[in-house]
Every structure is written in C-alpha cells, then in structure tokens.
Amino acid sequence: DTEVTQTPKHLVMGMTNKKSLKCEQHMGHRAMYWYKQKAKKPPELMFVYSYEKLSINESVPSRFSPECPNSSLLNLHLHALQPEDSALYLCASSQTTSGQETQYFGPGTRLLVL
Amino acid sequence: KQEVTQIPAALSVPEGENLVLNCSFTDSAIYNLQWFRQDPGKGLTSLLLIQSSQREQTSGRLNASLDKSSGRSTLYIAASQPGDSATYLCAVKPVTQGAQKLVFGQGTRLTINP
C-alpha cells in the first residue's frame with residue numbers, strides 16, 4: 001500500500017477560525033512533509049518531520065503550526081489565516097530523509113480562506 | 001541555489017504522437033531526479049525516479065533519461081493518449097540543500113487531442 005491520505009478534501013474558513021489538516025500513511029515511513037501549492041505553480045516545501053521531530057521549517061508564518069503525534073500521522077493546525085493562504089496543501093512521506101528515496105504524495109486539501 | 005526549468009510550459013499534440021518533455025537543472029550535484037504527473041486540483045503521482053548513478057528509467061510508454069553532467073533530463077511519452085493530459089513536473093533532490101528537499105520545475109501542461 002503506497003497511499004497517503006489527507007482530510008478534509010476541501011476546507012473553507014474565515015480569517016478568525018481555527019482548523020486542522022490531517023495526513024496519514026501506513027507505509028512505515030519515518031519522514032513526512034507539508035507542501036503548499038498555489039494555482040499553476042509548483043509545490044513549495046513548508047515543513048519536514050523526521051522520526052517525529054521537526055527538521056525543516058522553511059520560514060513559514062506562525063499561523064501555520066505543524067504537529068506529528070506519531071510516525072503515521074501529521075497535522076497542520078491553521079489559525080488566523082489570510083486570503084493569500086488559499087492554496088492546495090499537499091502532504092508527502094518517504095521511508096526516511098535519505099537522498100535516494102522517493103516521496104509519495106497525498107491528494108491534497110484545497111483550502112479557501114475568506 | 002538549484003534551479004529547475006521545464007520547457008515547454010504548455011504542449012498540445014494530437015493523439016498517437018510520440019513526444020518529449022524537457023527538464024534542466026543548474027547544479028549537477030543531485031541525489032536523484034523524479035518526474036511527477038498532476039491532474040487539475042489533485043495530488044502528485046510519481047512516474048519515474050532516476051538515481052544520480054543511473055542514465056534512464058522506463059515504465060510502460062514512459063521513458064526518462066538523465067544526463068547529470070549537462071544538467072538535463074527528458075521524459076519521452078510514446079503513442080500519446082487523451083488520458084495522458086495533465087501537468088508534468090520534474091523535481092531534483094539537491095545534495096547541497098540536504099536530502100530532505102525537492103526542487104520543482106514550473107511544469108509542462110500537456111494536452112492530448114483526440
């Protein structure tokens with residue numbers, strides 16, 4: 001099973017709301033990633049977790065708060081977002097962060113901030 | 001800093017044609033190069049992964065080559081079908097930016113006309 005699942009598929013939220021995105025994989029992967037993708041642009045890396053520890057934060061604003069409760073689950077907590085944060089949020093995983101491994105991507109959560 | 005360029009940005013061809021998508025990168029120090037497919041509003045599907053020591057990979061009607069010294073990769077699609085219509089993204093994993101990052105090109109939007 002090479003599947004990464006993400007919920008919800010779509011999310012609409014106001015600028016004062018608090019919401020969370022969820023990502024799950026059951027491939028035994030120990031590295032998980034959050035990417036942000038704007039329309040007609042490539043994905044941009046936001047965060048990397050390796051063995052449940054945050055290893056990369058690409059200078060993401062604090063209104064995005066990642067969490068890795070266990071090796072299968074990755075959350076992205078959202079608070080006080082701006083309309084320009086509307087995008088497709090993609091989760092990915094890989095066996096480890098070793099250079100030779102591929103990343104498997106989920107279907108994404110399409111977020112609209114009003 | 002590694003930069004990835006994909007040419008052309010968009011391509012429209014009749015069904016049945018063989019076609020080539022191009023990807024170039026500025027720094028040859030990479031762990032691997034990966035080709036992805038993305039359907040509108042969906043996640044990324046990995047098509048082919050070429051390790052830095054390899055020259056090409058094949059999967060069905062797809063063949064990807066890698067010339068690390070010249071910083072180029074091509075994705076060859078044989079006997080194209082309407083179902084191949086999608087955006088194709090090339091991504092490299094640079095050695096100098098850590099094994100955890102993928103650097104993406106802007107993508108080639110491919111349309112196969114019946």
Side-chain angles (χ1 to χ4, degrees), chain A residues 2-7 9-11 21 23 25 27 29-51 53-59 86-112, chain B residues 1-6 8-10 21 23 25 27-54 57 59 64 66 68 86-110:
Chain A
T2 57
E3 190 178 25
V4 176
T5 60
Q6 290 186 243
T7 54
K9 285 187 171 55
H10 303 276
L11 179 62
L21 309 185
C23 172
Q25 56 87 14
M27 296 179 277
H29 290 175
R30 303 311 298 270
M32 297 185 77
Y33 312 77
W34 280 116
Y35 289 83
K36 174 182 178 179
Q37 186 178 24
K38 302 283 277 184
K40 299 192 189 306
K41 297 289 187 184
E44 296 177 347
L45 183 66
M46 300 174 72
F47 302 104
V48 179
Y49 273 83
S50 178
Y51 290 88
K53 292 193 187 323
L54 183 65
S55 60
I56 290 183
N57 176 341
E58 289 286 278
S59 302
S86 299
L88 182 68
Y89 288 84
L90 295 164
C91 174
S93 72
S94 61
Q95 188 69 37
T96 66
T97 54
S98 165
Q100 294 190 331
E101 291 163 12
T102 188
Q103 292 182 18
Y104 296 88
F105 282 78
T109 292
R110 183 160 298 283
L111 174 66
L112 177 62
Chain B
K1 183 183 171 186
Q2 178 74 265
E3 292 183 0
V4 179
T5 303
Q6 291 186 245
L21 307 181
C23 171
F25 46 96
D27 187 345
S28 62
I30 61 171
Y31 286 109
N32 54 48
L33 182 145
Q34 198 163 356
W35 283 93
F36 292 91
R37 170 191 171 134
Q38 187 172 32
D39 294 292
K42 306 291 186 184
L44 277 65
T45 301
S46 179
L47 297 173
L48 291 164
L49 172 71
I50 311 177
Q51 302 294 352
S52 62
S53 59
Q54 297 174 324
Q57 284 287 335
S59 176
L66 174 63
K68 211 171 58 157
T87 295
Y88 290 79
L89 291 158
C90 163
V92 299
K93 189 178 283 188
V95 171
T96 53
Q97 292 177 251
Q100 301 168 83
K101 294 191 180 186
L102 286 177
V103 179
F104 286 87
Q106 295 289 319
T108 293
R109 194 165 60 255
L110 177 64

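Note that these values count all heavy atoms, side chains included, but never hydrogens, waters or copies made by symmetry. Chain identifiers are assigned alphabetically (A, B, ...) following the order of the sequence lines, protein sequences preceding nucleic acid strands; residue numbering begins at 1 within each chain.
- Closest of all the heavy-atom pairs between B:Leu89 and A:Pro43 is CD1-CD, 4.2 Å.
- Looking at B:Gln106, both its backbone and its side chain come within 4.5 Å of chain A, counting heavy atoms on both sides.
- Between the B:Lys93 side chain and the A:Glu101 main chain, a donor and an acceptor come within less than 3.5 Å of each other.
- Nearest heavy-atom pair across B:Gly41 and A:Arg110 is CA-NH2, 3.2 Å.
- Between B:Gly105 and A:Pro42, the shortest heavy-atom distance links the atoms O-CB, 3.2 Å.
- Within a 6.0 Å sphere centred on CD of B:Gln57, other residues, nucleotides and ligands contribute more than 12 heavy atoms.
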After noting the C-alpha distance and the side-chain angles of A:Leu88 and B:Gln38, does the key distance pass the side-chain contact (heavy atoms from CB on, under 4.5 Å) rule? CA-CA 12 Å; A:Leu88 182 68; B:Gln38 187 172 32; 3.9 Å; yes

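- With salt bridges taken as basic N to acidic carboxylate O contacts below 4.0 Å, one links A:Glu58 and B:Lys101.
- Listed here is the closest heavy atom pair of A:Gln37 and B:Leu44: OE1-CD1, 4.4 Å.
- Residue B:Ile30: no heavy atom, backbone or side chain, is found under 4.5 Å from chain A.
- Residue-environment remark: NZ (A:Lys41) stays at or below the threshold of 12 foreign heavy atoms within 6.0 Å.
- Rounded to the nearest 0.5 Å, atoms OG1 (A:Thr102) and CG (B:Leu47) are 10.0 Å apart.
- Separating the OG atom in B:Ser46 from the CZ atom in A:Phe105 is a distance of 9.0 Å, to the nearest 0.5 Å.
- With respect to chain B, the highest number of heavy-atom pairs below 4.5 Å among A:Cys91, A:Ser55, A:Ala92, A:Ser94 belongs to A:Ser55.
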